[in-house]
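The shown structure was predicted, so the numbers you read here are calculated from the model rather than taken from an experiment. Chain naming here is simple, since letters A, B, ... match the order of the sequence lines and numbering starts at 1 in each.
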Amino acid sequence: MNDSEPRDFIRKIIADDLESGKHTEIVTRFPPEPNGYLHIGHVMAICLDFGVAAENGGRTFLRLDDTNPGKESPEYVAAIKDDVHWLGFDWEDRLTHASDYFDRLYASAVQLIEQGVAYVDSLSAEEIRQYRGTLTEPGRNSPYRDRSIEENLDLFRRMYAGEFADGEHVLRAKIDMTSPNMNMRDPAIYRIRHVPHQNAGDKWCIYPMYDYAHGMSDAYEGITHSLCTLEFEDHRPLYDWFLDQLQPEHRPRQIEFSRLNLAYTITSKRKLKMLVDESIVSGWDDPRMPTISGMRRRGYPPQALREFVRRAGVTKKDKLIEMGALETCVRDVLGDAAPRRMAVLRPLKVVLTNYPEDRVELMEAMNHPANPDFGTRELPFSRELWIEQDDFMEDAPRKFFRLKPGGEVRLRSGYIIRCDEVVKNDRGDVIELRCSYDPDTRSGTGTSDRKVKGTIHWVSREHAVDASVRLYDRLFNDANPNAAEDVHSVLNENSLEVVAAKLEPSLADADEAVQFERLGYFCQDAQDSRPDALVFNRIVTLRDSWARLEKQALESQVS
RNA sequence: UGGGGCGUAGCCAAGUGGUAAGGCAUCGGGUUUUGAUCCCGUGUACCGCAGGUUCGAAUCCUGCCGCCCCAGCCA
């Protein structure tokens, strides 16, 4: 670890606790509820939980917080494990469930009753709500609040035994119905739910609530620092209350930090699930989704995600981070790691009129311009080529230094060509360019030091491989769709565009992320790509200052 | 109008009484067979506002304003 690295407030607390001798080992936990897939917000928590422990030689538990059966499933458990591993973290033998502790939790609940600080309430859910009061008015005690310990014990045992229907009774902590903190107004500890559990099966029909189960699970595991997001700040007094009452061997400390929100995306499991259920996206792993599995399928490298949250920092201030910050991290990693290739997304035919019909040359091309270790490859070059439609303009502005009538351009790793003739169809669309090449300008031969301003990519028509390429855009039009009452109203209808592309031959078996030169980073879609029907995802575009200039020019015309 | 948090440049974020780091973005420029990368340079931040304490305040005090969270038998 770099000592000069500025430390966030949590890391400072931990360093202090180590220095003061309060703790000799740091133990943390990442505790997702298996009711959905992990997303970019969880990446933050994962990196923090596993990060601070690892930095201090400590341990981290992956704990599935499965106290609410019916919403949780093994599918989500499997996905969570998969995602954490992929991100680069290892819980080793410390995979646990809140449900692993149901027996101890039950015994401790009995203890709370015996201590006279928990009681069985027989009010309905609606009545309890009314008795709770409001934000500005105190609540009132339930008429069942003063039941005897014996009666409470009996009722709770019978709740456990399955003698009651859902909702008939609930076990509550006896704290203070007039507390200004709503969480302290006799919160529920156990509720009846005749529903099988994803891990415990049908053994139980009463289940502990989060506030009770979470803190005690932390204690059982010897968690020293229980890190969670800001909305649990109000729960901390309750977290501490359970520890005070039950005096477990270990006493964890809850510390809260702000969640990470990404602009133009949502990080609500409920809303993400809605996108999946309504088939607005293809699944939890749709490459447009901010889920870890979506970003993985999209082609984001795990290092980029980790770097992104590192740059974001850990504070208590609400964050809404620009998408560009994430994309920069992705480009940073891929820029070094991805081999270069050539592909044409929107093909325009070019015929080199002075190039022999049956001739094929193999052009040597660098796989990485800055790193010779990547080696070279050979690209077939022939009379008929594909170039990008965007790389030709009939009435080009002065600053456009790609191909234009009468103009010259360099074909990357190939020759300099000149556009002699523009061929159009009946509708006036440009359908072919007739060009001539300069034989003295073959790349790498050094027989000519002629320079032209522009260099464009290309693919030999005869040797090109077809592929379907998916171009992704943000899922929402609003910078903060989390705040929108209806996500449908802020959906970007054009978040996916599919294009029939022409690839250089070597791309047929690309098994890693590559850069399509001048276009961006791409990878084969792990789900849908097949050898006879290639499908590529655009991970992220390259930074494009030309596009930016064009956009500015357009805007200045309008205004 | 109860309670709990948070307010430093467009977005993040250091800084805890001595005169405002850094990253991303932006805007210039250089190199370049990717308009990429890389390299330089680029910000008058009324440190939410107003008072106060002090030789000196983003840092301490008081008052105000704004934003977020809480009334699940969800987590």
S.K.: Would R474(A) and T265(A) satisfy side-chain contact (heavy atoms from CB on, under 4.5 Å), going step by step from the backbone distance to the final call?
M.R.: CA-CA 7 Å; R474(A) 56 179 59 136; T265(A) 191; over 6 Å; no

S.K.: Under 4.0 Å: is that the gap between some side-chain N or O of R270(A) and OP1 or OP2 of C74(B)?
M.R.: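 No.
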
S.K.: Ignoring hydrogens and angles, answer whether the base of G3(B) and the side-chain atoms of D234(A) contain a donor-acceptor pair closer than 3.5 Å.
M.R.: yes

S.K.: K453(A) near the nucleic acid: base, sugar-phosphate alone, or nothing, with a heavy-atom cut-off under 4.0 Å?
M.R.: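 The answer is nothing, as K453(A) stays clear of every strand by at least 4.0 Å.
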
S.K.: Answer yes or no: side-chain N or O of R548(A) and base N or O of G35(B) forming a donor-acceptor pair under 3.5 Å.
M.R.: no

S.K.: Looking at E322(A) and G10(B), is any side-chain donor or acceptor paired with a base atom of the opposite kind under 3.5 Å?
M.R.: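 Answer is yes: a donor-acceptor pair is held.
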
S.K.: By the 4.0 Å heavy-atom rule, please label F400(A) as base, sugar-phosphate, or nothing.
M.R.: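 Here F400(A) touches the bases of the nucleic acid.
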
S.K.: Do we count W546(A) as stacking onto G35(B) if the rule is ring centres under 5.5 Å and planes under 30°?
M.R.: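 Taking the rule of under 5.5 Å and under 30°, the ring of W546(A) does stack on G35(B).
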
S.K.: Within the supplied structure, the quantity of interest is the number of heavy atoms (other residues, nucleotides, ligands) at a distance under 6.0 Å from E126(A) CD; does it exceed 12?
M.R.: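 Yes, because the 6.0 Å sphere around CD of E126(A) holds more than 12 heavy atoms from other groups.
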
S.K.: Counting heavy atoms not belonging to K319(A), are there more than 12 under 6.0 Å from its NZ?
M.R.: yes

S.K.: Quick one: is A13(B) close enough that its OP1 or OP2 comes under 4.0 Å of any side-chain N or O from K319(A)?
M.R.: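 K319(A) to A13(B) OP1/OP2: side-chain N or O found under 4.0 Å.
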
S.K.: Counting any heavy atom closer than 4.0 Å, what does T315(A) reach on the DNA or RNA strands: base, sugar-phosphate only, or nothing?
M.R.: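 Sugar-phosphate, no base atom in range.
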
S.K.: Taking atom types as modelled, is there a side-chain donor on H457(A) or R340(A) under 3.5 Å from an acceptor on the other?
M.R.: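 No pair is found: no donor N or O on one side chain lies under 3.5 Å from an acceptor on the other.
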
S.K.: Is the phosphate of C74(B) approached by R191(A) (side-chain N or O, under 4.0 Å from OP1 or OP2)?
M.R.: yes

S.K.: Base, sugar-phosphate or nothing for T134(A)? Non-hydrogen atoms, less than 4.0 Å.
M.R.: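 Since a base atom lies under 4.0 Å of T134(A), the category is base.
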
S.K.: Distance criterion of 3.5 Å, no angle test: do you see the side chain of R518(A) paired donor-to-acceptor with the base of U34(B)?
M.R.: no

S.K.: Contact class for A125(A) vs. all strands (heavy atom < 4.0 Å): base, sugar-phosphate, or nothing?
M.R.: base

S.K.: Could you tell me whether the phosphate oxygens of C74(B), OP1 or OP2, come under 4.0 Å of any side-chain nitrogen or oxygen in R193(A)?
M.R.: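 Answer is yes, contact under 4.0 Å.
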
S.K.: Is the phosphate of G22(B) approached by R310(A) (side-chain N or O, under 4.0 Å from OP1 or OP2)?
M.R.: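 Checking R310(A) against G22(B): no side-chain N or O falls below 4.0 Å of OP1 or OP2.
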
